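Below is one structure, written out as structure tokens, with a few remarks after it.
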Amino acid sequence: MDIMQILGLVIPAAIFAAAPLILTALGGLFSERAGVVNIGLEGLMVMGAFTAIITTLTLEGMGMGGPVVILLALVISILIGSLFSLFHAVASITFRADQIVSGVALNFLAVGLTVFIVRLLYNKGQTDYISNRIYRMDVPLLSDIPFIGPLFFSSAYMTSYVAILLAVIVYFVIFYTPFGLRLRSVGEHPMAADTMGINVNRMRYIGVMLSGAFAGLGGAVFALTVTGNFSGTTIVGQGFMALAALIFGKWNPLGALGAALFFGLAQALSITGQQIPLLSDVPPVFLLIAPYVLTILALAGFVGRAEGPKAIGKPYIKGSR
Amino acid sequence: MSKLLPKGRLLSWSVPLIAVFLGIFIGAIIMLVSGYNPITGYSALVRGIFSDTYYLGETIRMMTPLILAGLAVAFAFRTGLLNIGVEGQLIVGWLASVYVGIAFDLPAVLHLPMAILAGALAGALWGFIPGLLKAKFQVHEVIVTIMMNYIALYTANAIIRSYLIVPGERTESINQSASLSSPFLQSLTDFSRLHWGFVVAILACVIMWFILWRTTKGYELRAVGLNQHASQYAGMNVQRNIILSMLISGGFAGVAGAMEGLGTYGYMSILSGFSGLGFDGIAVALLGANTAIGVVLASFLFGGLKIGALNMQSQAGVPTELVEIVIALIIFFVASSYIIRWVMNRVKKEDI
Amino acid sequence: MSYVIEMNNIRKEFPGIVANDNITLQLKKGEIHALLGENGAGKSTLMNVLFGLYQPERGEIRVHGEKVEITDPNIANRLGIGMVHQHFMLVDKFTVTENIVMGNEPTKFGVVNIKKAAKEVKAISERYGLSVDPHAKIEDISVGMQQRVEILKTLYRGADILIFDEPTAVLTPQEIQELIGIMKTLVAEGKSIILITHKLKEIMAVCDRCTVIRRGKGIGTVEVSETDQDKLAAMMVGREVNFKVDKTPAVPKETVLSVTDLTVKDSRGVDAVKSLNLEIKAGEIVGLAGVDGNGQSEFIEAIAGLRKADKGSIKLNNKELVGLRPRKVTESGIGHIPEDRHKHGLVLDFAIGENIVLQTYYQKPYSKNTVLNYPEIYKKAKELIEDFDVRTPSEYTPARALSGGNQQKAIIAREVDRSPDFLIAAQPTRGLDVGAIESIHKRLISERDKGRGVLLMSLELDEVLNVSDRIAVMYEGQIVAIVDADKTNEKELGLLMAGGKKEKAGEAQ
Amino acid sequence: ACGSGDTAEETPADGGDDSSEEAVEAGDFKVAMVTDVGGIDDKSFNQSAWEGLSAFGEEVGLEEGTGYRYLQSQTMDDFEPNLRNLVREDADLVWGIGFLMEDAIRTIAEQVEDAQLAIVDTVVLDAEENTYDNIANVTFKEHEGSFLVGVIAGLQTEGDKVGFIGGVESGLIKKFENGFKAGVKAVNPDAEILVQYAESFNDASRGSQIANTMYSQGADIIYHAAGGTGNGLFTEAINRARNGENVWAIGVDRDQHEEGEYGDGQSVTLTSMVKRVDTAVAIVSEQTMNGDFPGGEILEYGLEEDAVGIAPSTDNVSEEALSAVEDYKGQIQSGDISVPQTDDEYEEYLNGLE
Ligand SMILES: Nc1ncnc2c1ncn2[C@@H]1O[C@H](COP(=O)(O)OP(=O)(O)OP(=O)(O)O)[C@@H](O)[C@H]1O
Ligand SMILES: Nc1ncnc2c1ncn2[C@@H]1O[C@H](COP(=O)(O)OP(=O)(O)OP(=O)(O)O)[C@@H](O)[C@H]1O
Ligand SMILES: [Mg+2]
Ligand SMILES: [Mg+2]
């Protein structure tokens, strides 16, 4: 394999693998910027993947097909994701639960509930395969650019670009709009926000529900592009990787984007690497653990301290300090 | 004020009980809605925990690693660290203890402690790395521990595959001298896999309690967890305490792995994924309010429900996932105890 | 008589305590109205009720004669009520402008119009003489500047009734003067102000009337022109208070602490202490005066071993401290009442007892072979609580539950009890009421009389003048003058602190 | 053949002296299985086993839930309690599905001597390397089936390059790999075979990336023995096929035609290596009901029993390949070809080819 071919394999794969992580990390960002730790991203992704597959299967059962099915599946996953995140929101905001505990509970609930429902619906522990998936395609025009075109724009998943675009949009929303300013203020100093007439708990609800929406989308994208069906093991650890990307990216949308792409790239390299002649003699285990070791090294070497929003993890109780 | 104390105590006990009740109650509604008979389901579940010494034995067996994983999370938590890496620490602890169990041939009095210690050391090493990075470079322990989990999983598999494999995709069985399993306990519980590990787990609880609440080191660890600046001001070495905390936490997790390796299984298989014990450990610790006693009780709840679920599946046909839902709900309600207290206070006020 | 604000018979309870019990406060248009009371008397609570952060159990609030329900700060804002809180309500990572417009942002195409906002901020700040840099980040500006931002926040929202909760506790004397000027401008513009402060002098200087509360109960409202400091203090505490600290002249002995050529960097890496020299003898209190930010904090942290010294030496009884870890410094015989009691002084979630042994827990009799001896710890705590009059339900109570004054007393008890040869007291009375201040000052002097060296760092010139025997003035990282406390005055000190002539300092010495 | 439900024949035990080894009236016969973590719908051997058990149960008129049933395991930890629950309920035959249950089955076999146990995919041995009298060991000659799909791949590859994706590397999966490689080499000695293990049975994302790399290097047919990870292979193949590329996937365990479907009834599934766990389960269950519990035996099901082989969907397989498959099937059955299972045997096999 020449270098171009390796890049041609690795880069699209990195972007592809990063997409669900980017989306989910962005979700986590909304919640954590508002001051609510979200360890439940994993569970929210499960919910998204579940919803996307169930919706697609149901619509297919009704004889529908084509892009509209996929679009509907994505939209419904977003809705269900944000609805389901209310579990975390109610517990950690209104009921003042420990946010980590409630996130952990959400993860348990998501896996239990989805598989339970799948059993009820289909009388088995995993669904059938969907026939309407998200497929790769060439981006018109851009894919014709020499060198860059084949690497970044040909036979790519649309969802990857949507994810990247969303990261930029979220960056803009967080740092330039009144909503973003208020969201951040609530995560930094809720009492200050309160005295400025910002409804702290409402902002936090919005933050958590957005995290549900985005993580739901992330899970849906994963299911619709990669697995094509749903079972209890469809989402294993991706939510935690997204959380890591969020922290790695220092709670900045573009940072999270970069971190997710970094994970994707390391992952893709480690997989493809086993077939690169130069690396094929390296024991596979070294390539397998490389992405994780690289991440740790990157953190220790360059990234270092990551400081989250100041008021993160604490329920806001009016009048206390 | 002192008159109020017993009432306060009552309140603090009744809140988790109410939480458990609510979780079970909603579980019943879910069963009802989905066409199962909750009474049949739950009675099968309860029978699956208590009706037989076998089930009790299995429940205690299940509790053993849960307690240790829970202690690991709780211990780190007390120092202000979230150890998501219990899973990985448990895996390396499992491997190390099994290795010592296989590789040496010593009298049991030496061999067994050595094997457990090997597990503890391996887990401690795995906890040391995130601790060190946190202390020296302020790297967030959550990311590092997540990464260390994967490294542990793949490395352990590779080591087993390269050096320890026997047919059956696992390591050899450990020598009897390093084994925790006990024909006596098995015969007592009708061939459950109950092993002496539960003694280790209870001992670990006492150790955790003792370290944290009775020693100067524990005092330091708690101080650092609550206020790093004040701890530094008071002459404590904050960095060293962070590392130590992760070291001890990882040690507990490693012993949890040793319980699987030396007790339940007597070997280690190639793992096709995480055991889940590490994540259960987070829930157990938080449910148990990061106290030793709490962890034991939460482990009993978890272990019991999980073992009982098997019987619920086999006798009432209710999918075991229901138990996962119930567990999630219980965690939810325990975490939301504020609202339960609030309602109780409301009710009390109206009584007056 | 029309009042802009009437709070009638307000009652506010917290679990187990009545913070406000039937309190009445009436504010006239254009007046500066003082609200006075001991720590924990219920002042902040009353103001939080007015600002809509708390809901009173009983009582009514009238604004411009109309009965209103202020259920949240938004309503207070709409009614023209603004509050500058005791603990600043600022987001450190935001800019001045962002903090001011937050919640009420001007927008353009859905985006925050920062340019326009900054312009508005600038306009208001010029109008009231509150100069700030609209684009500076809060974490980068001084406390005085931060307070201006707080005031601007209320003005930006068009408040004409302003509540200041202990605004001067965190300010330097210069900043206090500026603030007083600002307040006067504000009332001249037709605004009305409620001012909470523990400093009677300030009340005498700027206020028209004063309402006093004690333990949650209203004691009365007086015209400031018809009263004096002693009367106010008596009203507040319920007994006579002695302001002038009783002390005999110092009997200095051998040198305990000698600092030579000390250079220390601040957290940004700039030299904050530059080749500083100072000697302190046993049996004397040396006041460290200076405008905030001239290296006093870094100097003290360097002595305590919390900050690395770049150069020079610090000797305690001829033993070098530079390079020692904080633990060794403490063990060498340094006591340190830290500037920030919440950050450094206490582990707030630890019991008082556990806080009492924060530095000594590993020593006998509090522990033996690394095992803690709780009975001994709590016995000690009980003893100190009695000795130092720390008001707490018990030694098992978490430090968090104590008022600031009592937290401070607990810290002082701990530091003094270790019998250090040298005691550093950094801002020991900040935010405390006169009763508490009195007792702390007495403590410091009695330590001196026991033959200890004391370094008292304070931004309050009164305190420095009253308590110290000698005063070292710090300016730009150096001790620019050392004067005898009884041979100098506020005016001279103010001059020196502003970088005044050294010759003059030389004369005073 | 099994007797029909109500009129179940009563065949007395033909020699077993063990009292439990007696024929049971069909209505009273109780058989049960414990699934691996995958559950009875894993589209793989658990499902297949359950299909076999259900078919058997229905045929002899057992009631589901009492006569024949299954318990699912959530984790490895559950194997033993699940198996034991069934043994304690006096099931006449208890199946452990999957080699992971080896140790659990062994433990129970040692403790409950009169239990009748059976395990799929492995042989349970005691310390002296002997089998247990109360365990029937059911294994398959996956290498033989894999050989046949290898033959198809070797004949139908256009670039003389094919791939194999394994789940977690193990002796069992090695049988698939080596059988496949041998089949390819048998018909196409020049062919290059790419092999990669994913280290996971449920990482579809990794599966698709591995497949992507292999296809990009010119492999046009990829065989997987990787469970859920294999999903990614189909995803990748479909993506490429839709783009007009001529790539294929070979399924495993069952007919995976459905997984490869796209567009109007086309499928990227070239063929699948089916492993008839169902057949084996039904056979052994029936034997046991009839009092012929094959305890202590090692039952190796292969081509002969039609327990391994290629899937019935053959639309995409060329005539030439189909006839070659028949040909090799004969050679294997007659013993002319000994299909390698391990890496060493494969080396030997290659040397033999030259
Ligand atoms: N959030 C709260 N919860 C419970 N009790 C409170 C709370 N806030 C105040 N209190 C109680 O109300 C009383 C009055 O407190 P407040 O803060 O109003 O005092 P203050 O007069 O402002 O004191 P200081 O001069 O120290 O600022 C205190 O004694 C305290 O016990
Ligand atoms: N969350 C709370 N719960 C209980 N009591 C509280 C709480 N917050 C404040 N208090 C009480 O309010 C009273 C006043 O507290 P406050 O912090 O205003 O005291 P202070 O002397 O002004 O200290 P500071 O130096 O911090 O201003 C204290 O008695 C404290 O017990
Ligand atoms: Mg106050
Ligand atoms: Mg105060």
Side-chain angles (χ1 to χ4, degrees), chain A residues 29 32-35 96 98 168-204 206-207 249-253 255 304-321, chain C residues 12 14 19 44-45 47-49 51-55 71-78 81-95 97-114 117 138-139 146 149-150 153-154 156-157 163 165 342 348 400 404:
Chain A
L29 187 129
E32 303 215 337
R33 277 283 183 176
R96 300 177 192 174
D98 184 300
V168 176
I169 293 175
V170 169
Y171 175 81
F172 186 77
V173 167
I174 289 283
F175 290 109
Y176 290 98
T177 64
F179 169 76
L181 190 71
R182 293 173 188 192
L183 190 84
R184 283 183 291 139
S185 73
V186 163
E188 290 287 335
H189 196 327
M191 185 139 182
D194 194 8
T195 59
M196 298 297 269
I198 296 168
N199 188 331
V200 175
N201 285 352
R202 193 174 68 197
M203 286 313 284
R204 289 191 164 179
I206 294 173
K250 299 191 169 180
W251 288 272
N252 180 313
R305 168 179 219 104
E307 218 177 303
K310 251 203 194 122
I312 199 165
K314 295 174 213 121
Y316 175 60
I317 303 163
K318 250 189 205 297
S320 77
R321 14 181 157 101
Chain C
K12 173 70 199 166
F14 289 117
S44 300
T45 305
M47 290 302 103
N48 285 335
V49 166
F51 192 57
L53 282 170
Y54 294 151
Q55 303 314 305
T71 48
D72 78 77
N74 263 330
I75 298 179
N77 282 333
R78 238 174 284 142
I81 302 171
M83 179 159 174
V84 175
H85 294 265
Q86 183 172 359
H87 304 265
F88 289 160
M89 297 292 168
L90 296 170
V91 180
D92 282 350
K93 288 180 193 158
F94 285 10
T95 64
T97 305
E98 283 172 336
N99 266 288
I100 292 172
V101 301
M102 177 173 113
N104 205 354
E105 311 84 356
T107 56
K108 197 168 155 187
F109 311 122
V111 174
V112 181
N113 191 342
I114 280 291
I138 297 297
E139 59 193 1
Q146 290 178 4
V149 179
E150 282 281 16
K153 268 169 46 174
T154 65
Y156 178 82
R157 267 142 228 262
I163 307 164
D165 192 351
H342 286 175
L348 288 172
R400 187 180 291 286

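Predicted, not measured: the structure shown is a model, and the values here were computed from it. Order of the sequence lines sets the chain letters (A, B, ...), proteins ahead of strands, with each chain counted from 1.
Proximity to chain A is absent for every atom of C:Phe109, based on heavy atoms less than 4.5 angstrom apart. Heavy atoms closer than 4.5 Å to chain A are found in the side chain of C:Asn77, but not in its backbone. No part of C:Leu348 comes within reach of chain A, as not one of its non-hydrogen atoms sits under 4.5 angstrom from that chain. Using a 4.5 Å cut-off between heavy atoms, C:Asn99 contacts chain A through its backbone alone, with no side-chain atom that close.
Listed for the C:His85 side chain is no donor-acceptor partner under 3.5 Å among the backbone atoms of A:Ala192.
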Could you give me the CA-CA distance, side-chain angles and deciding distance for A:Arg184 and C:Glu98, then say whether side chain to side chain contact (heavy atoms under 4.5 Å, CB included) is met? CA-CA 11 Å; A:Arg184 283 183 291 139; C:Glu98 283 172 336; 4.2 Å; yes
Determine, step by step, whether A:Met191 and C:Leu53 satisfy the side chain to side chain contact (heavy atoms under 4.5 Å, CB included) criterion, reporting the C-alpha distance in whole Å, the side-chain angles of both residues, the deciding distance to 0.1 Å, and the verdict. CA-CA 10 Å; A:Met191 185 139 182; C:Leu53 282 170; 3.8 Å; yes
Contacts table for residues 169-178 of chain A: side-chain donor-acceptor under 3.5 angstrom, sequence neighbours left out:
residue  : atom : partner  : partner atom : Å
A:Thr177 : OG1  : A:Val173 : O            : 2.6
A:Thr177 : OG1  : A:Gly180 : N            : 3.1

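Atoms CG and CG, from A:Asn199 and C:Asp72 in turn, are 8.0 Å apart once rounded to the nearest 0.5 Å. The OG1 atom of C:Thr107 sits 12.0 Å away from the CG atom of A:Leu181 when rounded to the nearest 0.5 Å. The CD atom of A:Glu188 lies 12.0 Å from the CD1 atom of C:Ile138; values are rounded to the nearest 0.5 Å.
Annotation: maximal heavy-atom pairing with chain A below 4.5 Å, among C:Ala76, C:Pro73, C:Gly52, occurs at C:Pro73. Contacts with chain A were tallied for C:Arg78, C:Arg157, C:Lys153, C:Glu105; C:Glu105 has the most, counting heavy-atom pairs under 4.5 Å.
C:Met102 and A:Ser185 get closest at one heavy-atom pair: SD-CB, 3.4 Å.
Applying the side-chain contact (heavy atoms from CB on, under 4.5 Å) rule to C:Gln55 yields the partners C:Thr71; only residues at least two apart in sequence or on another chain are considered.
C:Met83 is not listed as a side-chain neighbour of A:Thr195, based on a closest heavy-atom distance of 4.5 Å or more. For the pair C:Met89 and A:Met196, the minimum side-chain heavy-atom distance is 4.5 Å or more.
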